[in-house]
Every structure is written in structure tokens, then in C-alpha cells.
Amino acid sequence: MSLKFYFAPWSTAGITEAVLNELERGQSKLAERIEVSFKNGDTRKQEYLDNVNPNGLVPVIVHDGVSIWESAAITIYLGDLYGVERKLYPEPGPRRGEAMKWIVWSNVSLATQIGRYGEFVNLDSSKDQTEAEKQNKKMNYEAASKEMDKLFGILDNALKGKDYLLGDMYTLADTHIWSFMGYLDMLKYDREKFANVKAWTERVGARPALKDVK
Ligand SMILES: N[C@@H](CCC(=O)N[C@@H](CS)C(=O)NCC(=O)O)C(=O)O
């Protein structure tokens with residue numbers, strides 16, 4: 001059996017790195033790490049597009065020659081294969097559905113909104129903007145912030161009175177969503193105002209497997 005993990009530091013691949021670190025904690029490595037460089041154009045090389053990911057992105061895992069991309073699909077796949085016995089992913093059934101719901105939500109709804117927020121966050125970065133352009137950007141930024149707050153409100157509410165998204169059980173759904181927080185801090189999104197998310201982020205971030213994730 002061969003499992004390869006293609007990653008670049010400080011990228012979305014950090015999600016899969018966090019998931020693998022949890023699964024490998026106290027056990028032998030599951031996946032061989034293959035680092036690619038965006039600067040060198042590794043992900044745009046024909047060989048990468050043909051054999052690893054036609055989208056030219058990381059993360060990717062290649063399991064026995066089958067390539068699996070999209071971080072949400074990877075988390076769900078690894079959870080299914082290795083997470084249940086390690087008590088990091090629920091058995092098939094409604095609890096499994098809950099974990100999948102959060103993983104997919106974070107990639108489809110949250111990540112899309114983070115992308116929009118990131119576009120407008122550096123309000124004064126471009127000095128040569130016209131006043132109208134600046135105003136437009138400000139309005140877009142305010143709208144994106146509001147949408148971010150709405151999504152964080154949903155997350156905060158889901159964590160009310162709970163240690164983890166599924167209650168007492170820490171799962172790879174927590175790992176997956178927690179992995180977005182570092183990037184949000186870089187964007188200076190004020191997530192601290194959501195008390196349940198704040199406490200949960202600290203709780204998850206204190207896990208030994210997640211200490212060195214970039
Ligand atoms: N929806 C994808 C997004 C992956 C993605 O955007 N990856 C970026 C890094 S953050 C990438 O590989 N970029 C390639 C490049 O910049 O050359 C996922 O969740 O896996």
C-alpha cells in the first residue's frame with residue numbers, strides 16, 4: 001500500500017497535514033510527504049497536472065495510484081479509512097453525517113467567504129486608487145465582514161455548551177475547521193468576539209498533534 005501526500009508549506013495543504021498528524025500521533029507514518037514549490041511552478045508542470053491534480057493545486061493524496069484532491073474530500077476519505085479505529089471520526093451513521101456536514105460547510109461556505117474577505121481586507125494597500133474605487137472596496141469589505149460574522153455566528157452557536165463540534169468527541173471535523181484559523185488571523189479577522197469559537201480554537205490548538213502544523 002502506498003500513500004503519498006503532496007503539500008506546500010503555508011497553504012491549504014496545512015489542513016491535510018493537521019489531519020495526518022492527528023491520525024499518525026503515537027503510530028507510524030501513514031503518508032510519505034512530497035513537498036512542491038509554487039515558486040518553481042511545480043504544480044503547473046505537465047507531469048503534475050497529468051498525474052497528480054489537473055487543477056494544479058495542493059493538497060493531494062495519491063493512494064495506491066489513485067489521486068484524491070480537494071481538502072474536504074481528503075479529510076473525509078482519511079477519516080473513513082483510518083479515523084474510526086483511532087476514535088477521531090464517527091462510524092457510519094448520523095454522527096458521521098454531522099462530521100461530513102461541517103467539513104463540507106467549511107470548504108464550500110466558509111472558505112468561499114474567506115476568499116472574498118481576503119480580497120477586500122487590505123483597504124489602503126493601493127495608494128493609486130481613485131476615491132470611488134476606495135469607497136467601493138470599503139463597501140465590499142463591510143459586506144464581506146458581515147457575511148463572515150454570519151458564518152462565525154453559526155459556528156459559535158454550534159459550539160455552545162460543547163467542547164467540540166460533535167459534543168464530547170473530538171473529530172477530524174474539528175481539525176479541519178481549526179486549520180482555517182491561522183489564515184484568518186493573518187487576514188486580521190476578529191474571531192475573538194465569538195467566545196465559543198475562541199475557547200474551542202484554544203482547546204483544539206493545544207492538542208499535541210497540532211502544535212507544529214504550518
Ligand atoms: N478547494 C481546494 C483549494 C486548494 C488551493 O487553493 N490550493 C492552493 C494553495 S492555498 C494552491 O495549491 N495553489 C497553487 C499555486 O498557487 O500555484 C482545497 O480545499 O483543496
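Whatever order the structure lists them in is the order used to number ligands and atoms, beginning at 1. Any value given below was found using the heavy atoms of this structure, including those in side chains, with hydrogens, waters and symmetry copies removed. If you're wondering where the values come from, they're calculated on a predicted model, not measured in any experiment.
- In summary, the atoms of ligand 1 found under 4.0 Å from a heavy atom of Thr43, numbered by their order in the structure, are 17 (O).
- Using modelled atom types and a 3.5 Å distance limit, the side chains of Tyr141 and Glu119 yield no donor-acceptor pair.
- For the residue pair Asp156 / Trp200, no side-chain donor-acceptor distance below 3.5 Å is found, with atom types taken as modelled.
- If you check which protein heavy atom lies closest to atom 14 (C) of ligand 1, you get Phe38 CE2, 3.4 Å.
- Short contacts between ligand 1 and Pro59, defined as distances under 4.0 Å to a heavy atom of the residue, involve ligand atoms 20 (O).
- Residue Gly56 approaches ligand 1 through these ligand atoms, each under 4.0 Å from one of its heavy atoms: 14 (C).
- Contact annotation for Ile74 and ligand 1: no heavy atom of the residue comes within less than 4.0 Å of the ligand.
- The protein non-hydrogen atom at the shortest distance from atom 17 (O) of ligand 1 is Arg44 NH1, 2.9 Å.
- Protein heavy atom in closest approach to atom 13 (N) of ligand 1: Leu57 CD2, 3.4 Å.
- Scanning the protein for heavy atoms near atom 10 (S) of ligand 1, the closest one is Thr12 OG1, 2.7 Å.
- Remark: side-chain polar atoms of Tyr48 are not paired, donor with acceptor, to backbone N or O of Gly41 under 3.5 angstrom.
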Inset, instruction - Just do the side chain to side chain donor-acceptor pair (under 3.5 Å) check on Thr12 and Tyr183 with the steps written out, would you? - result: CA-CA 9 Å; Thr12 312; Tyr183 183 58; over 6 Å; no

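- Checked against the 6.0 Å centroid threshold, Tyr189 and Phe152 count as a close aromatic pair.
- The nearest protein atom to atom 7 (N) of ligand 1, hydrogens excluded, is given as Val58 O, 2.9 Å; this is a heavy-atom distance.
- For the pair Arg207 and Tyr170, the minimum side-chain heavy-atom distance is below 4.5 Å.
- Atoms of ligand 1 lying under 4.0 Å from any heavy atom of Asn107, numbered from 1 in the order shown and given with element: 19 (O).
- Closest to atom 20 (O) of ligand 1, if we only count protein heavy atoms, is Ser71 N, 2.9 Å.
- Without hydrogens or angle criteria, Asp190 side chain to Glu192 main chain gives a donor-acceptor distance under 3.5 Å.
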Inset, instruction - Dump the intermediate steps for salt bridge (Lys or Arg N to Asp or Glu O under 4.0 Å) on Arg33 and Glu17, then the final yes or no. - result: CA-CA 9 Å; Arg33 269 62 167 175; Glu17 181 63 26; 3.5 Å; yes

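- Counting protein heavy atoms only, atom 1 (N) of ligand 1 is closest to Glu70 OE1, 2.8 Å.
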